[in-house]
Amino acid sequence: MTATADYRTLAERAEKELAEATAAEALSWTVEHFGDDFIVASNMQDAVLIDLATQVKPDLNVLFLETGYHFAETIGTRDAVQTVYPGVRIVNAQAEQSVAEQDAEYGKNLFERDPNQCCFLRKVVPLRSTLSQYSAWVTGVRRVDAPTRANTPIVTWDERNGLVKINPIAAWSDDQFNGYIRDHGILENPLVSAGYLSIGCEPCTAKVEPGQDPRSGRWAGQSKTECGLHG
Ligand code: SF4
């Protein structure tokens, strides 16, 4: 197995060489270098990334952070993904504690008082634990998602989690993204058409009015804007 230092060097070289790569090129590069040793993250808002990735590798691993706080529609979308892409293996990463156990230790509805700690326990820790089993991960982060994501590279070294991170659709505009969903009939969480444009856990996701920043519906009314997964 290649040492971490070698993967870091590989990622740093690819950050330059694949700076203008298409999604298909970035995904082919991922399969070529990592084989089965990577995982594709999805929040089950849509299956764009999964659709693109399965064209290169139909039997890939898909990471879903099963926080225990998802909308029923999001769980339904996850299950529909399994039906539409039968080759994928969905890895449901869960927190060490159930919601009931967390309530017992920290008090009910920790997300109201300390969303950073809740996200840490239910997203960041399970993510790290799952990623520690792989050498690379693939995400659907796009530069237009938020100002904090404006410089997202196609390939980079993920210092925080210690593996290679590939963002194949980082450069995609909203038009390109929505056009792909429309033209290819891609599975989409039904909450999107109901006005939820950035979907996370149910208690921390609100509808967004037309013309508003899609991510303004996440932790609405609080200063928090990111889960701590991509920072
Ligand atoms: Fe908790 Fe909300 Fe973070 Fe989900 S998004 S883990 S409910 S704080």
Side-chain angles (χ1 to χ4, degrees), residues 39-50 61-82 90-134 137-142 144-149 152 158 160-161 163 165 167 188-209 212-231:
I39 191 163
V40 176
S42 176
N43 66 353
M44 299 300 167
Q45 175 155 327
D46 57 74
V48 169
L49 184 62
I50 293 169
N61 299 306
V62 172
L63 166 61
F64 176 62
L65 294 175
E66 176 39 304
T67 63
Y69 280 120
H70 282 297
F71 290 95
E73 289 88 341
T74 301
I75 299 299
T77 303
R78 177 200 62 185
D79 295 346
V81 161
Q82 185 69 85
I90 296 178
V91 176
N92 291 289
Q94 293 180 308
E96 283 174 19
Q97 292 182 315
S98 67
V99 169
E101 288 167 345
Q102 179 174 297
D103 285 352
E105 182 167 344
Y106 297 91
K108 202 162 170 50
N109 297 350
L110 179 62
F111 53 81
E112 289 175 350
R113 297 185 309 282
D114 192 346
N116 285 333
Q117 185 172 23
C118 187
C119 273
F120 182 76
L121 294 169
R122 310 207 74 76
K123 289 184 170 179
V124 176
V125 172
L127 176 77
R128 278 187 198 157
S129 158
T130 304
L131 293 185
S132 69
Q133 300 165 45
Y134 298 90
W137 68 310
V138 179
T139 89
V141 168
R142 291 188 296 134
V144 295
D145 286 339
T148 48
R149 299 180 178 186
T152 301
D158 179 346
R160 183 186 304 195
N161 294 303
L163 77 174
K165 186 176 185 182
N167 308 299
E188 195 173 33
N189 191 319
L191 290 171
V192 175
S193 57
Y196 294 85
L197 301 185
S198 178
I199 301 169
C201 295
E202 184 168 4
C204 303
T205 303
K207 275 191 192 182
V208 175
E209 295 302 320
Q212 276 189 326
D213 171 8
R215 283 188 67 84
S216 66
R218 304 288 292 279
W219 303 283
Q222 304 205 35
S223 59
K224 184 174 171 64
T225 57
E226 293 274 359
C227 316
L229 305 182
H230 298 294

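Because the structure is a prediction, the values reported are computed rather than measured. When a ligand or atom number is given, it counts from 1 through the structure's own listing order.
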Between atom 4 (Fe) of ligand 1 and Cys119, is there an N, O or S atom separated by less than 2.8 Å? no

Only heavy atoms of Lys123, strictly under 4.0 Å: list the atoms of ligand 1 that pass. 5 (S)

Does Glu96 have more than 12 heavy atoms from other residues, nucleotides or ligands lying within 6.0 Å of its CD? no

Quick check: does Cys204 put an N/O/S atom under 2.8 Å from atom 1 (Fe) of ligand 1? no

So the atoms of ligand 1 within less than 4.0 Å of a heavy atom of Phe111 turn out to be 1 (Fe), 2 (Fe), 7 (S), 8 (S)

Between His70 and Gly200, what is the shortest heavy-atom contact and its length? ND1-O, 4.1 Å

Would you mind listing which atoms of ligand 1 come within a distance below 4.0 Å of any non-hydrogen atom of Cys201? 4 (Fe), 5 (S), 7 (S)

Do we see a donor-acceptor contact under 3.5 Å between the side chains of Asn92 and Arg78? yes

Atoms of ligand 1 close to Pro115 [distance to a heavy atom under 4.0 angstrom, numbered from 1]: 8 (S)

Of all residues at least two apart in sequence or in a different chain, which pass the side-chain hydrogen bond (donor to acceptor under 3.5 Å, both in side chains) check with Asn161? Asp158

Minimum heavy-atom distance Thr205-Ser198, with the two atoms named: CG2-O, 3.4 Å

